Amino acid sequence: MVRLNEILEKVSEYNPNANLDIIKKAYIFSARVHKDQVRLSGEPYLNHPLETAYILAELKMDEYCISAGLLHDVLEDTLTTREELIKEFGEEITQLVDGVTKIGKIQYASHLERKAENYRKMLIAMAKDIRVIIIKLADRLHNMRTLDFHSPDKQESISKETVEIYAPIAHRLGMSRLKGELEDLAFKYLKPDIYKELKEAVEKKVKEREKYVEKVKDIIKKVLLEHNIKAEVSGRPKHISSIYQKMERQKVGLDQIYDLIAFRVIVGSVRECYEVLGILHSLWRPIPGRFKDYIGVPKPNMYQSLHTTVIGPEGERIEIQIRTEDMHRIAEYGVAAHWKYKESKGRTAKDDEERFAWLRQILEWQQETKDARDFIESIKTELFTDEVYVFTPKGDVKVLPKGSTPVDFAYAIHSDVGNHCAGAKVNGKIVPLKHELVTGDIVEIITSPQQKPSPDWLKFVKTSKAKARIKQVLRQQQYETSIDIGKELIDKALKKHELSLAKLTKNEINQLLKKFNLKSEEELFSSVGFGRISPIQVLGEVIPEDKKQEIKIVESTVNKEVSKEGIIIKELDGVLIKFAKCCNPIPGEPILGFISRGKGITIHSKECPNILNADPQRIIEASWEPGKKILRQIKLRVECVDEPGLLSNISSSISAQNVNISEAKITTTEDKRAICDFSVQITDTNLLSKLISGIEKVKGVYSVTRLK
């Protein structure tokens, strides 16, 4: 357990002039209001704010931030009021505590909306004062360190949120040390068996390679001394989670991962960084394509370093990072490393502008994007992807997500350039618009006033800005088209009974708008064009009473609920319902319907990329019929060791859940792995979770994935 004196000593080390009294006061206040509160572990609740404050002290944060860390739960978990906090500690600390306080009092229509709103609040709080998210990250890190005392379900949900949101934010803020620990802790709970097995194997392998690591370090130190360069040389094992991600990405076993240890050379100046690179490349042969210069072109989070991979002693690949002491501090602590220099003359507003450009961009989208699905998708795009660095013909750098295309680049320049993008040149050569850009490309956009965004662009663009702008234009185009179609359909239905759209009176139009709860004629025509209202329903409202007996008028079905194929759809009847093959939803997953003119309704998972990119005006609410047992066929891919008896063990695990296997296909790879694809019938997501969990426990299984 951390004690107050340890925090005070840590702060005094890096900031001898710090106001320690405010930290002491915050500790006394927190101890008083949290008195008698205990955590799930049984320890005093005060331990948590103390540990959070100590993590902030390790990050070398200022005394106000550390005080807020000690107080970060008082507004939520005690009777303390905001006014009381302002009176005791002033506006600055209160705003930090207020910013960190969890969102939980507002009720939203859906889990997705609540999740999106939480992210919005977090981003706004970050923009007001970046220390808010640093406290939040310290809070989350200690919670992850003490996650053992929660139920397995809670461990899984907290770990997923950590991997999906908090670790990527730490990465974006350049806080690599904190990010690595968060990912490792989450991995421990999300894949406990794989984590334990891999951790033991890595520790064993690292221990076996201790002599080799020392040998490499000695060689580097010796050759640098010969060139009169003072350097600190170290070798450290990579994080377990990053090793596992590399194994999954390359589809290889641990034995084929050679760079488990990254070597780091820290020197006194930028000039020496490049000198060291030249010396090491003359000593050992560099591997082509594995050199990256993040000093010349820093990452958006201001990370700087030279990365290279060489063929070292005994023919082994070794990865080496070369940086200065300042660069190392920023690489480890990111934005936190900059904070104590806030008042220094060397730091400018422009520095902060560059450092938080990504945050500003996300905030712009959160203001424009009302749809929860679109917003969460944009958050993931901006936080989770690696970057590529590409250049305008004038030499300006544009940082884009990995996999971005010339269309993404065009929208990064300006929305009008994107909307009228007709072609592109990369490094002087014409390329397709879906061409993937790589770091170093020089991109020139060719525009045409006649060019408009195409729906096909949504299949390959990566950036939130490009997706949002394309959807905006397409929605307007589709809306205009649906108005024309609606007019035509209504007019045809009316003409069959010697009526016409032109002859409808203003009063009749208003009656129709009132009947269908619409605001304008355009909205009425659009609703008919999209199939939400049928022309027969419109006809039924305007045809004279004496003629209604001559034709079959379909009753209005507004506000009805109908169930078909175990699906409940509001406001539509007599429609064909089918399940989307792209996402193959199963009971328990949130779903939506997509209206296709003349083809009925297709049911998608709410998280399906196709429904996320679809026209929102053609999306309709849908849900599973409660209590109805529906068998849905899905495919599972199991990657495992290729050894006798393992397939039988996997099959037994599936049968133990009373699940039938309708088809099985097994292929083997050269590296003694087996890839098993099973078609199984399940009833809901709970059964799927149990099924996957059971298979993952079979010894020799690397991973289990649901195939769409």
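Since we're looking at a predicted model, the values are computed, not measured.
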Donor-acceptor pair, [X] side chain versus [Y] backbone, under 3.5 Å?
X: Glu589; Y: Ile586; value: yes
X: Asn427; Y: Asp441; value: no
X: Gln304; Y: Ile295; value: yes

inquiry  = Applying side-chain contact (heavy atoms from CB on, under 4.5 Å), can you list everything that pairs with Ser305, at least two apart in sequence or on another chain?
reply    = Tyr303, His307, Gln321, Arg323

Could you tell me which residues satisfy side-chain hydrogen bond (donor to acceptor under 3.5 Å, both in side chains) with [X], sequence neighbours excluded, listed by chain and number?
X: Ser415; value: Arg469
X: Ser404; value: none
X: Ser448; value: Gln450
X: Asp416; value: none

task = Test His435 against every option in Val426, Ile430, Thr405 by the side-chain contact (heavy atoms from CB on, under 4.5 Å) rule and name the one that passes.
result = Val426

Looking at [atom1] of [X] and [atom2] of [Y], how far apart are the two atoms once the value is rounded to the nearest 0.5 Å?
X: Lys581; Y: Thr602; atom1: NZ; atom2: OG1; answer: 11.0 Å
X: Ser527; Y: Asn517; atom1: OG; atom2: CG; answer: 10.5 Å
X: Met175; Y: Ile133; atom1: CE; atom2: CD1; answer: 9.5 Å
X: Phe579; Y: His604; atom1: CZ; atom2: NE2; answer: 11.5 Å
X: Glu444; Y: Lys429; atom1: CD; atom2: NZ; answer: 15.0 Å

Ignoring hydrogens and angles, state whether a donor on the side chain of [X] or [Y] is under 3.5 Å from an acceptor on the partner side chain.
X: Gln476; Y: Gln472; result: no
X: Thr162; Y: Arg140; result: yes
X: Asn419; Y: Tyr411; result: yes

task = Taking salt bridge (Lys or Arg N to Asp or Glu O under 4.0 Å) as the test, write out the residues that go with Glu436, two or more places apart.
result = none

task = Compare every heavy atom of Leu437 with every heavy atom of Val388, then report the nearest pair and how far apart it is.
result = CG1-O, 3.9 Å

query = Is the closest basic N to carboxylate O distance between Asp677 and Arg637 below 4.0 Å?
reply =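 Yes.
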
message = Between the side chains of Glu488 and Lys495, is the shortest nitrogen-to-carboxylate-oxygen separation below 4.0 Å, so that they form an ion pair?
response = no

